[in-house]
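Beneath this line is the structure, given in structure tokens, with notes to follow.
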Amino acid sequence: MEQPFLILAKDTTREMIERESIVYVTVLDKYIQIKLTDSRTLRVRTSLRQFEKHLPSELFLRIHKRYIVCIRHIKFVDMDVTMKTGDVLPISKEFKDAFLSHFCIF
């Protein structure tokens, strides 16, 4: 059974966060930046691909080579994805069809 928490290490501090508190994850050089529902951002030294392996695929979707989003925090989908936090993230052509296939569109 997959655990609902991740422990993120920053220097000597270890912070436990719920996976569902992650709004989106993006790449910054050799780090990933994690945007949380409480408006904080955390940086972790790992690759986006490695971090993605620890996220449930039914809740987190890749929308761009630089972005993974939590579908529960999406507000609008158009040419971009607007998160409930107000952040507007690009959807790349490469991931658009796979992303949209997770939804019923009327």
Side-chain angles (χ1 to χ4, degrees):
M1 181 175 158
E2 192 166 284
Q3 300 298 319
F5 295 95
L6 293 170
I7 295 179
L8 303 179
K10 183 178 180 183
D11 301 322
T12 59
T13 305
R14 307 284 187 264
E15 182 172 352
M16 185 184 300
I17 63 165
E18 294 181 52
R19 284 180 169 86
E20 291 190 27
S21 70
I22 298 172
V23 177
Y24 66 89
V25 185
T26 189
V27 176
L28 288 173
D29 296 321
K30 295 181 182 181
Y31 293 84
I32 58 166
Q33 182 169 290
I34 303 164
K35 175 77 172 208
L36 301 174
T37 54
D38 64 6
S39 298
R40 292 184 305 134
T41 56
L42 303 173
R43 283 190 185 178
V44 178
R45 188 174 175 101
T46 189
S47 70
L48 193 60
R49 182 171 294 164
Q50 185 63 32
F51 192 74
E52 185 176 22
K53 293 176 185 177
H54 299 283
L55 298 173
S57 61
E58 67 278 359
L59 190 57
F60 290 89
L61 299 174
R62 178 78 71 117
I63 62 167
H64 190 277
K65 67 180 181 178
R66 299 180 61 91
Y67 292 96
I68 297 171
V69 297
C70 178
I71 61 172
R72 292 194 178 150
H73 300 295
I74 294 173
K75 187 171 185 178
F76 299 111
V77 176
D78 193 15
M79 299 304 289
D80 299 311
V81 174
T82 302
M83 306 306 288
K84 291 177 182 176
T85 58
D87 295 300
V88 179
L89 309 174
I91 303 175
S92 72
K93 290 179 185 179
E94 179 182 355
F95 293 99
K96 188 171 187 171
D97 289 339
F99 170 71
L100 292 176
S101 73
H102 286 82
F103 305 98
C104 292
I105 301 172
F106 298 97

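- F103 and I68 fall within the same hydrophobic cluster, defined by Ile, Leu, Val, Met, Phe, Trp and Tyr side-chain heavy atoms under 4.5 Å apart, directly or through other members.
- Under the side-chain contact (heavy atoms from CB on, under 4.5 Å) criterion, D38 pairs with L36, R40, sequence neighbours left out.
- Note: D87 CG to H73 NE2 = 12.0 Å, rounded to the nearest 0.5 Å.
- With rounding to the nearest 0.5 Å, the separation of OG1 in T82 from CG in L89 is 8.0 Å.
- In terms of modelled atom types and a separation under 3.5 Å, the side chain of R49 and the main chain of E52 share no donor-acceptor contact.
- With values rounded to the nearest 0.5 angstrom, L55 atom CG is found 8.5 Å from L48 atom CG.
- Within the 4.5 Å cutoff, side-chain heavy atoms of L42 are placed close to those of E15.
- Looking at residues two or more places apart in sequence or on another chain, you find a ring-ring contact (aromatic ring centres under 6.0 Å, His included) between H64 and Y67.
- In this structure, the separation between CZ on F95 and CG on L61 is 11.0 Å, given to the nearest 0.5 Å.
- Atoms CG and NZ, on D97 and K93 in that order, are 11.5 Å from each other to the nearest 0.5 Å.
- The side chain to side chain contact (heavy atoms under 4.5 Å, CB included) with I74 is formed by just one residue from the set V81, I63, V23; it is V81.
- A continuous path of hydrophobic side-chain contacts links I71 to I34 [ILVMFWY only; heavy atoms under 4.5 Å].
- For the atom pair OG1 (T41) and OH (Y24), the distance works out to 8.0 Å, reported to the nearest 0.5 Å.
- Between I91 and V77, the closest side-chain pair of non-hydrogen atoms falls below 4.5 Å.
- Across all their heavy atoms, A98 and S101 have their closest contact at O-OG, 2.7 Å.
- In terms of heavy-atom proximity, P90 sits nearest to D80 at CA-OD1, 3.6 Å.
- In this structure, I17 is not a member of the same hydrophobic cluster as L28, with clusters built from ILVMFWY side-chain heavy atoms closer than 4.5 Å.
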For a side chain to side chain contact (heavy atoms under 4.5 Å, CB included) check, start with the C-alpha distance between M83 and V69, then their side-chain angles and the critical distance, and finish with the verdict.
CA-CA 9 Å; M83 306 306 288; V69 297; 4.0 Å; yes

